[in-house]
Amino acid sequence: MSVRRLSSVLAALLLIGSVPLASAGPTTVRWPRVPTACQETSRGGVPASFGSPVAMDMGGHANVTSVAVGELDGRPVAVSAGVERTIRVWDRATLKPIGDPIPGNGPVAYGSVNGRSVILGQGHRSLRMWDATTHRLIGGPLPTGRIVSIAFGEFDGRPIAATAGIDGAHVFDLATGREFGPPIIGGSGFSAVALTRVGGVLVVLTGTTDNVTVWNPVSGKPVGKPLVLEDEFVQTIRTIKTTVIGGRPVALIPTPDLGVISWDLITRQATPHSMKGTFDAPSLARLNGRTVFVSAERIEGAATDTRGSRLKSAIAVIDPATGERLSSFEIPGHVTSLTAGDLGGRPVIVTGGRDNAVRAYDLATGRELAPPAAGGPNGFVYALGADLYGRRVLVAWGTDDDGTLGVWDLGGGKPLGAPAKLPGRITSFTVGTYRGRVVLVAGIGIGDPSIRMFDIAARTPIGEPLVGYDHFASGVAITEVDRRVLVVGAGDGFAGPVVVPPGAVRVWDFASGTLLHDLTVRKGPAGQLALIRLAGRPVAVTFSADRARLWDVGTGKRMASFRIAKSEHSAPVEIARFDCTTVALVATGRTVELYDLTTGEQIERPLLGHSKQVGNIASGRVGGVPIAVTYSLQDKSMRVWDLTTSRQVGTLERPPGLLGSLSIEYLGGRAVLVGGGDEALWTWDLGPAA
């Protein structure tokens with residue numbers, strides 16, 4: 001099963017949340033139940049419109065896109081930017097954070113303006129400048145359009161910056177905020193920019209597809225003929241580095257298929273494959289008295305994760321004058337950005353990557369200098385609410401992390417303490433209480449399937465793993481029956497990317513780890529798991545592609561099975577409570593069907609409005625009205641429904657990126673929608689809950 005498919009399976013499971021502990025009652029539950037004559041009516045309490053989504057601070061970057069180095073009050077620092085749109089400053093020796101994150105975007109550059117250290121970055125389609133000490137903005141926005149590359153330099157003793165992007169290239173006097181000459185326009189924009197001097201004259205170099213051009217920054221006109229790459233493959237220029245070789249100014253231009261091209265800026269002679277290989281995120285450094293080319297190198301056949309990111313990156317150190325490879329070493333993760341600097345007289349490199357981490361290495365030895373400045377969760381983030389530390393929190397994990405769990409303050413939007421590690425990849429989880437402690441119950445797999453219990457506050461395991469579980473743990477729940485705390489797990493067979501029958505529902509005693517009930521699904525996989533209450537007793541419900549099954553948790557007996565509209569095995573399911581009954585909301589393509597779980601009957605008022613497949617569902621109450629929120633990646637919409645009428649009552653603004661899960665939490669009397677995205681958590685204020 002791919003991670004993307006696994007994400008869809010888990011999307012519904014994680015909406016279940018913490019289940020109230022049931023009281024003792026009859027030993028068996030009769031089904032179907034007698035329907036209750038109760039029709040809720042909407043009081044019109046749902047707001048007419050909703051605010052924009054707010055990103056939570058995930059404790060670090062969600063993929064590092066750009067890094068830079070410099071000095072801050074005599075202290076070596078590193079600056080990084082991530083796709084979550086924050087810029088962060090780190091002590092380069094320890095990689096400890098300095099100050100709060102800056103709300104901005106990469107690429108980033110670092111330099112000095114009017115005697116103070118500044119950070120250059122992007123914000124709202126413009127070049128922005130921040131004081132590196134106070135993290136406050138300096139001056140107003142410098143309009144540029146979307147920026148993909150920034151170069152820092154100087155002109156007649158004044159600090160300048162050049163930018164490149166889809167709207168062309170711009171050169172600014174950073175002391176005055178004024179632009180040099182007219183914007184430099186070139187076709188569909190530029191993908192790289194650099195500043196250098198040729199014959200003592202400042203020039204701007206821009207790169208685009210199969211082309212590098214030299215420009216006069218004052219007139220905005222080209223200087224001499226451009227470098228035009230004639231090859232059967234498209235050579236998009238993403239980086240230009242300039243240096244001096246043999247006393248002559250040279251541009252080093254990494255390409256996908258021609259290696260690094262060395263372009264003499266005086267003679268305009270180009271040498272393809274001056275350094276052979278395919279290089280990402282290159283930089284120049286000083287090593288043993290000479291300038292060297294340092295870069296992450298793409299190695300064919302390198303191991304990758306399920307999202308295509310390399311598990312390790314090869315760092316190559318090459319003499320650009322001779323093409324000689326001086327050294328190489330491997331570092332963890334898929335490096336996307338790299339820069340070089342000096343630390344206590346030693347040449348070092350700082351890297352950023354798709355694993356959300358900022359790392360620092362001694363260039364001469366390849367030794368890592370400090371623990372990495374790790375970012376937020378990797379992959380799609382799933383979260384459940386709990387009451388912990390006297391506040392409402394979110395317990396969350398990322399699908400690409402090996403058992404890493406974090407806790408976030410829902411009200412403050414910040415992480416609480418360091419993440420904790422579980423021994424293995426999490427496949428499903430829920431939260432509940434056990435002997436006054438807030439506990440997490442997590443399905444662990446794939447490869448060594450088990451279910452584990454974890455004290456969230458103490459960050460310690462509870463008891464022994466529930467082992468002997470030869471199925472992929474697709475859902476877990478915690479409840480109480482007759483004063484005994486039980487763990488319920490649903491699982492399916494697993495063969496490569498395919499979920500195979502038979503499935504199973506199993507029940508364990510929390511305290512002893514004893515397996516009490518082992519219930520086999522007779523036909524097909526178990527599918528997704530929810531826990532409901534009928535007659536005051538906990539009942540497990542599993543949803544496969546075309547059937548719902550009810551299981552009495554206390555007696556370990558299957559109660560009933562009824563057919564539901566055929567859907568994909570991974571189609572999302574949400575449990576809602578309204579009209580005095582418990583209802584399953586099942587996505588069947590672009591339609592959400594409703595089923596009364598006390599009778600097994602379909603409610604003849606589906607949610608209709610999406611034009612493409614529904615990917616996620618959440619339910620709760622806003623203004624006293626039972627509502628559902630649905631999300632479709634394919635039709636790019638989020639819709640709000642009044643469940644008393646099945647009518648759409650509003651829409652929500654989607655966040656950037658994808659969403660893997662939705663749930664509704666309550667904070668200070670207000671309903672808050674929580675969306676788990678690609679390495680991010682987003683919240684929407686939906687209004688008063690009652």
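What you are looking at is a predicted structure, and each value in this text was computed from that prediction instead of being measured.
Separation of atoms CZ (Arg85) and OG1 (Thr65) is listed at 10.0 Å; rounding is to 0.5 Å. For the atom pair CG of Leu440 and CZ of Arg459, the computed distance is 11.0 Å after rounding to the nearest 0.5 Å. The CD1 atom of Ile331 lies 7.0 Å from the CZ atom of Arg359; values are rounded to the nearest 0.5 Å. Between atom CD1 of residue Ile98 and atom CZ of residue Arg75 there is a gap of 3.5 Å, rounded to the nearest 0.5 Å. In this structure, the separation between CG on Leu422 and CG on Asp401 is 11.5 Å, given to the nearest 0.5 Å. Note that the CD atom of Gln122 and the NE2 atom of His124 stand 10.5 Å from one another [nearest 0.5 Å].
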Quick one, Leu363 with Val348, criterion side chain to side chain contact (heavy atoms under 4.5 Å, CB included). Give me CA distance, side-chain angles, the key distance, then yes/no. CA-CA 5 Å; Leu363 184 58; Val348 301; 5.9 Å; no
Phe50 vs Leu673, side chain to side chain contact (heavy atoms under 4.5 Å, CB included): CA-CA, chis, key distance, verdict: CA-CA 11 Å; Phe50 305 93; Leu673 178 69; over 6 Å; no
Pair Tyr361, Ile315 - check side chain to side chain contact (heavy atoms under 4.5 Å, CB included), show working. CA-CA 10 Å; Tyr361 294 87; Ile315 304 299; over 6 Å; no
Can Thr243 and Lys241 be said to form a side chain to side chain contact (heavy atoms under 4.5 Å, CB included), step by step? CA-CA 7 Å; Thr243 187; Lys241 296 296 177 183; over 6 Å; no
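The closest donor-acceptor contact from the side chain of Arg92 to the backbone of Val77 lies under 3.5 Å. Here the side chain of Thr339 pairs no donor or acceptor atom with the backbone of Val350 at under 3.5 angstrom. Formation of a donor-acceptor pair under 3.5 Å by the Thr163 side chain with backbone atoms of Ile147 is not found in this model. Remark: the backbone N or O of Lys312 is not paired with any side-chain donor or acceptor of Glu330 at under 3.5 angstrom. With hydrogens and angles disregarded, no donor-acceptor distance shorter than 3.5 Å links the side chain of Gln235 to the backbone of Thr255. Panel note: side chain Ser66, backbone Val108; a donor-acceptor pair is recorded below 3.5 Å. A donor-acceptor distance shorter than 3.5 angstrom exists from the side chain of Trp684 to the backbone of Glu653, with no hydrogens or angles considered. For Thr213 (side chain) and Thr206 (main-chain N/O), no donor-acceptor pair under 3.5 Å exists by modelled atom type.
Taking every heavy atom of both residues into account, Ala457 and Asp455 meet most closely at N-OD1, 3.1 Å. Across every non-hydrogen atom of Asn105 and Ala81, the tightest pair is C-CB, 4.3 Å. The shortest non-hydrogen separation linking Leu338 to Ala296 is CD1-N, 4.3 Å. Here the closest non-hydrogen pair linking Ile150 and Ala109 is CG2-CB, 3.9 Å. In terms of heavy-atom proximity, Thr336 sits nearest to Ala281 at O-CB, 3.6 Å. Considering every non-hydrogen atom in both Pro347 and Leu287, the closest pair reads CG-CD1, 3.7 Å.
When only modelled atom types and interatomic distance are considered, Thr291 and Arg286 share a side-chain donor-acceptor pair under 3.5 Å. Arg88 and Thr86 share a side-chain donor-acceptor pair at under 3.5 Å.
Below 30°, between 30° and 60°, or above 60°: for Phe190 and Trp215 the angle between ring planes is above 60°, a perpendicular geometry.
Using a cut-off of 4.0 Å between Lys/Arg side-chain N and Asp/Glu carboxylate O, Lys96 and Asp91 are scored as not salt-bridged. Using a cut-off of 4.0 Å between Lys/Arg side-chain N and Asp/Glu carboxylate O, Arg354 and Asp305 are scored as not salt-bridged. Look at Arg310 and Asp280 and you find a salt bridge, because one of the NZ, NE, NH1 or NH2 atoms lies within 4.0 Å of a carboxylate O, short of that distance.
Counting only heavy atoms from C-beta outward, the side chains of Leu127 and His170 never approach each other to under 4.5 Å. With a 4.5 Å cut-off on side-chain heavy atoms, Met56 and Val381 do not count as touching. Counting heavy atoms from C-beta outward, Leu120 and Leu174 have side chains that approach closer than 4.5 Å. Ser80 places a side-chain heavy atom less than 4.5 Å from the side chain of Trp90. Using a 4.5 Å heavy-atom cutoff, the side chains of Asn63 and Asn356 are in contact. Side-chain contact check for Pro415 versus Asp57: some heavy-atom pair is nearer than 4.5 Å. Between Leu388 and Leu416 there is no side-chain heavy-atom pair separated by less than 4.5 Å. Two residues are said to be in side-chain contact when any heavy atoms from C-beta on lie closer than 4.5 Å; Ser117 and Glu71 fail this criterion.
Aromatic rings from Phe279 and Phe293 are positioned such that their centres are separated by under 6.0 Å.
Remark: of the listed residues Val204, Leu195, Val201, Ile184, Val204 is the sole one forming a side chain to side chain contact (heavy atoms under 4.5 Å, CB included) with Pro217. With Arg128 as the fixed residue, the side chain to side chain contact (heavy atoms under 4.5 Å, CB included) test singles out one of Ile119, Leu137, Ile138, Ile102: Leu137. Each of Leu410, Asp409, Leu667 was checked for a side chain to side chain contact (heavy atoms under 4.5 Å, CB included) with Arg391, and the lone residue meeting it is Asp409.
Atom CZ of Arg197 has more than 12 neighbouring heavy atoms from other residues, nucleotides or ligands inside a 6.0 Å radius.
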